[in-house]
Protein chains: 2
Amino acid sequence: MQELLFDFISKYVALTEKEKAALVDLNIFKTVKKGTVLLAEGDRSSDGYFVLEGCLRSYYVLEGEEKTTAFYTEMEGLTPVCVLTKQPSEYFVSTSEDCILTVSDPSMEAEIFEKFPKFETLCRVLSEELLAKQQINFDDFKIATPEQRYLSLLEKRPDLMQRVPQHQLASFIGVKPQSLSRLRARIIKKSKS
Amino acid sequence: MQELLFDFISKYVALTEKEKAALVDLNIFKTVKKGTVLLAEGDRSSDGYFVLEGCLRSYYVLEGEEKTTAFYTEMEGLTPVCVLTKQPSEYFVSTSEDCILTVSDPSMEAEIFEKFPKFETLCRVLSEELLAKQQINFDDFKIATPEQRYLSLLEKRPDLMQRVPQHQLASFIGVKPQSLSRLRARIIKKSKS
DNA sequence: AAAAAACGTTCACTTAAGTTAAGAAAGTAG
DNA sequence: CTACTTTCTTAACTTAAGTGAACGTTTTTT
């Protein structure tokens, strides 16, 4: 299962056997069952996650309603805001499916950065990539209507449509579940005429 | 004017006179007049900006309409997506006011990182901070209605209301200028009753 | 200073999302 | 397998944003 991680990393930097062993020694691989809450509102966690298999979801609970803000699937990483701000978390993170994850915290990172500076470069590159992706996502969200957001989700992440309940997708798209149903009906009607 | 930059940096790391001199030698300080387009759609630029004074705006032009996605004011930095992806830019960046900026590109950064590793740490910390801020901004945008977004903008960035034309604010909030007018009228009406 | 352009507000009308409620369908647990 | 719960869809009604147009104001240009 750690092969998944090594394959991913190899796209960025080559790893020696020693480096691979060091990673394994950190004991960061975890399997987690569907529905597990990894981070709850108010928690002071310092754990970051990387998804090897499965799907994570982050969401706020406002007036009893879940507002889904992001999904993280294979080969995507998530460092909760509270890890960076060192404040209690304002949102939840839970597993939408059975998952294989890596779990790490800043102290573990510091440790391995010192032994193998190569990992620091890797993390910097990844976080730059992430920043650009996030900016594009945000821009796309702002520019598009809910209907356009739904259509581009269909195009860019068709897998999500299958794996995630509609009402979670709805709030991810920025509408109520009823509106998503209606919006889909509208699209189907259009495509027929 | 470079004092502004040194004061800002000193919140994160202490700089020696040598380090300050090295920064100044890079010749990164520029003054730019209001209305200058720093980056246009299609450009392949590798320049990043840091605002010492003034205000930058990034926006898409879609079907002849400007869609403002962000404002950058004093002590805020901007690395356009195209710098990271090395693709032609999909959006514009222009000055909303007369500005004092620093302008730098990756090769200059590499040069100074090598001489003074301290700057690399600084940039890593800043970009982590930025990532967290962006995530929070995105989440807030998703969670709120246009009216709530307007009110929280009033609260969090009251300066923008003064310095930026309404129609730019409107698309930043995610509505048409007419809707922003209406929305403001609605709020005033409410507060009276 | 006059003319032109850009900006902000208001209005009437259209379109789409929020809300409330009901019922069908699917998934889960006993 | 049945009962229960959650999820999805549909519908009628309400609320707010989009659209097109008019009009006064401000800013820019010449």
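Side-chain atoms are counted along with the backbone in the values below, which use heavy atoms only and exclude waters and symmetry mates. In what follows, chains are A, B, ... by sequence order, proteins preceding strands, each numbered from 1.
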- nucleotides 11-30 of chain C: protein proximity per nucleotide (B base, S sugar-phosphate only, - neither; heavy atom, under 4.0 Å): -----SBBSBB---------
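Residues satisfying the ring-ring contact (aromatic ring centres under 6.0 Å, His included) criterion with A/Tyr72, sequence neighbours excluded, are absent altogether. Considering only residues two or more places apart in sequence or on other chains, A/Phe50 meets the ring-ring contact (aromatic ring centres under 6.0 Å, His included) condition with A/Phe8. Qualifying side-chain contact (heavy atoms from CB on, under 4.5 Å) partners for B/Gln166, counting only residues two or more places apart in sequence or in other chains: B/Leu180, B/Arg184.
What separates CD1 of A/Ile188 from P of D/dC8 is a distance of 15 Å, to the nearest Å. If you measure from atom CD of A/Gln148 to atom C1' of D/dG18, you get 13 Å, rounded to the nearest angstrom.
For the pair A/Asp47/A/Leu38, no side-chain contact is recorded, criterion being any heavy-atom separation below 4.5 Å from C-beta on.
Among residues at least two apart or in separate chains, side chain to side chain donor-acceptor pair (under 3.5 Å) pairs with a member in residues 74-99 of chain A are A/Glu74-A/Arg163, A/Tyr91-B/Gln135, A/Glu97-A/Arg163. Within the structure, the salt bridge (Lys or Arg N to Asp or Glu O under 4.0 Å) test picks out the following pairs touching residues 126-144 of chain B (sequence neighbours left out): B/Asp140-B/Lys156. Sequence neighbours left out, not one pair with a member in residues 3-13 of chain A passes salt bridge (Lys or Arg N to Asp or Glu O under 4.0 Å).
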Side chains of residues 23-34 of chain B: which donor-acceptor partners sit under 3.5 Å, not counting sequence neighbours?
none

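Two end axes, each from the C1' atoms of five base pairs, can be drawn for the helix from C/dA1-D/dT30 to C/dG30-D/dC1; they diverge by 50°, to 10 degrees.
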